[in-house]
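Please read all numbers here as calculations on a predicted model, not as lab measurements. Below, read A as the first sequence line, B as the second, and so on, with proteins coming before strands; counting in each chain starts at 1.
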There are 2 protein chains.
Amino acid sequence: MAADKAQKRRIFVNDENCPIRNVVSHIGDKWSLLILFSLVDGADRFNSIKARVEGISQRMLTQTLRDLERDGYVNRTVYPEVPVKVVYELTDLGRGLAKPAWGLVSWANQHLEQVKNARAQYDQESES
Amino acid sequence: MAADKAQKRRIFVNDENCPIRNVVSHIGDKWSLLILFSLVDGADRFNSIKARVEGISQRMLTQTLRDLERDGYVNRTVYPEVPVKVVYELTDLGRGLAKPAWGLVSWANQHLEQVKNARAQYDQESES
DNA sequence: TTAACTTAGTATACATTAGTAACTAACACT
DNA sequence: AGTGTTAGTTACTAATGTATACTAAGTTAA
């Protein structure tokens, strides 16, 4: 009955309406945010994105773009020229997502040193 | 030479100072944010976190807590009672991270329906 | 005319990471 | 001696990511 300790929430992960499971964990993969930010500057073509997002393989770029398209963040337009041209651009939803995502990245940028220091200290202490 | 089209950034993923690689992708895994939010309410013990974060296994809880501790987001304190008691709590850095992370989650919460609709439409259209 | 080049992908095999189920250590209680 | 507790670890399997080679549908060059 003592109310001096706040009731702690349960966190329902398997709820099909869990936003972390449905949205955050999707864009938390290795490449989604990088591609999203690469399109904030404007629409771009497959190979141009590939050149700008350093280290991504064709397979992962294709796959991640498909996932972003499926979730409604990205539009895919095919121009049946020769050779074929495929242009990707952010939707309104994608631009909306980019804002809070950028908030997180900019926090990360400001606190990168602290995190790296913590990590180095932890690693040093755990050496036997 | 034409400056009517903005120069597009390259995105250097393999840069060891890339905040997305160093911070965002670490907390973008399946459990980190869930554990982080479960500790926003206050310090908690291993098994209590496990009970609150639905579906997490002991191994993943241990591993994720270690990663969060290593990056400086979480403090781990062992009380050598019997049975042993281990309490985890957020550091200032962890509480700082929780804010922009919460911004992202709350965007996700508000736009969950749009994402789910986009997904359903995409899946329907791609049925042959 | 056939060989080389382009873009936007697939296919295959392999490596890495995440996740599960069962087990352990160090006691305390009965 | 046997059971229960907490906080893990170990060994295994499933999912995700990577590297490399290959394809389609043309255009241009030799």
Side-chain angles (χ1 to χ4, degrees), chain A residues 11 13-14 18 20-22 24-36 38-39 43-71 74-89 122 126 128, chain B residues 11 13-14 18 20-22 24-36 38-39 43-71 74-89 122 126 128:
Chain A
I11 302 197
V13 183
N14 293 325
C18 171
I20 294 184
R21 196 40 39 89
N22 270 284
V24 180
S25 78
H26 274 240
I27 58 147
D29 68 10
K30 192 166 179 182
W31 301 107
S32 293
L33 277 185
L34 295 165
I35 295 173
L36 197 82
S38 85
L39 292 176
D44 204 359
R45 309 178 53 171
F46 186 88
N47 272 348
S48 170
I49 300 172
K50 181 164 174 287
R52 291 169 58 216
V53 177
E54 193 194 85
I56 196 167
S57 65
Q58 282 182 309
R59 183 189 198 271
M60 291 316 296
L61 181 54
T62 303
Q63 202 174 93
T64 309
L65 282 169
R66 287 290 137 77
D67 290 344
L68 291 172
E69 191 195 355
R70 178 169 183 260
D71 283 2
V74 159
N75 263 333
R76 176 174 183 270
T77 313
V78 180
Y79 296 89
E81 308 167 355
V82 166
V84 56
K85 183 168 133 187
V86 181
V87 170
Y88 295 90
E89 65 182 329
Y122 182 95
S126 59
S128 53
Chain B
I11 301 198
V13 182
N14 293 327
C18 171
I20 294 184
R21 198 37 42 87
N22 269 285
V24 179
S25 78
H26 275 240
I27 58 147
D29 69 11
K30 192 167 176 185
W31 302 108
S32 293
L33 278 184
L34 295 165
I35 294 172
L36 197 81
S38 84
L39 292 176
D44 205 358
R45 309 179 52 173
F46 186 88
N47 271 349
S48 169
I49 300 172
K50 181 165 176 286
R52 292 170 58 217
V53 178
E54 195 194 84
I56 196 168
S57 67
Q58 285 181 310
R59 184 192 198 270
M60 291 318 294
L61 181 54
T62 302
Q63 203 174 91
T64 310
L65 282 168
R66 287 291 137 78
D67 291 344
L68 291 172
E69 191 196 354
R70 177 169 183 259
D71 283 2
V74 159
N75 262 333
R76 177 176 182 270
T77 313
V78 180
Y79 296 90
E81 307 168 359
V82 167
V84 55
K85 183 167 131 185
V86 180
V87 170
Y88 295 90
E89 64 183 331
Y122 182 95
S126 58
S128 53

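- In this structure, A:L68 CG and A:D29 CG are separated by 8.0 Å, a value rounded to the nearest 0.5 Å.
- A close approach under 4.0 Å does occur between a side-chain nitrogen or oxygen of A:K30 and OP1 or OP2 of D:dT18.
- Here the CG-CD1 distance, from A:L65 to A:I56, works out to 7.5 Å after rounding to the nearest 0.5 Å.
- Phosphate contact (OP1/OP2 of C:dA18, side-chain N/O of B:W31, threshold under 4.0 Å): absent.
- Rounded to an integer number of Å, the gap from CG of A:D67 to C1' of D:dT16 is 12 Å.
- When the P atom of C:dT20 is taken as reference, atom CG of B:L61 falls 12 Å away, rounded to whole Å.
- Listed candidates were D:dT6, C:dA18, D:dG17. Nearest to the side chain of B:Q63 is C:dA18.
- DNA chain C lies under 4.0 Å from at least one heavy atom of each of the following residues of residues 81-88 of chain B: B:V82.
- In this structure, CD of A:Q58 is placed 12 Å from P of D:dA19, rounded to the nearest angstrom.
- Contact annotation: side chain of B:R45 to base of D:dT6, donor-acceptor pair absent below 3.5 Å.
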B:V74 vs B:L39, test: side chain to side chain contact (heavy atoms under 4.5 Å, CB included). Steps then yes/no. CA-CA 9 Å; B:V74 159; B:L39 292 176; 3.9 Å; yes
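- Among the protein residues, B:S57 comes within range of the nucleic acid bases, having at least one heavy atom under 4.0 Å from a base atom.
- Remark: C1' of C:dA8 and CD of A:E69 are 14 Å apart, rounded to the nearest angstrom.
- D:dT18 atom P lies 13 Å from atom CD of A:E54, rounded to whole Å.
- Between B:R76 and B:R59, the residue whose closest nucleotide on DNA chain D is further toward the 5' end is B:R76.
- In the set D:dG8, C:dG9, C:dG19, the nucleotide with an atom closest to the side chain of B:F46 is D:dG8.
- Atoms NZ (B:K50) and P (D:dT5) sit 13 Å apart, rounded to a whole Å.
- Residue A:F46 comes nearest to A:Q58 through the heavy atom pair CZ-O, 4.0 Å, listed as atom of the first residue, atom of the second, then distance.
- A straight line from CG of A:L65 to P of C:dA8 spans 11 Å, rounded to a whole angstrom.
- Distance A:I49 CD1 to C:dG9 C1': 13 Å, rounded to the nearest Å.
- Looking at A:R76, its side chain never comes within 3.5 Å of a backbone N or O of A:E69 through a donor-acceptor pair.
- Minimum interatomic distance between B:V84 and B:Y79 (heavy atoms only, all atoms of both residues): CG2-O, 3.6 Å.
- Here the CG-CD1 distance, from A:L34 to A:I27, works out to 11.0 Å after rounding to the nearest 0.5 Å.
- Residue B:R66 has no polar side-chain atom (N or O) positioned under 4.0 Å from OP1 or OP2 of D:dA7.
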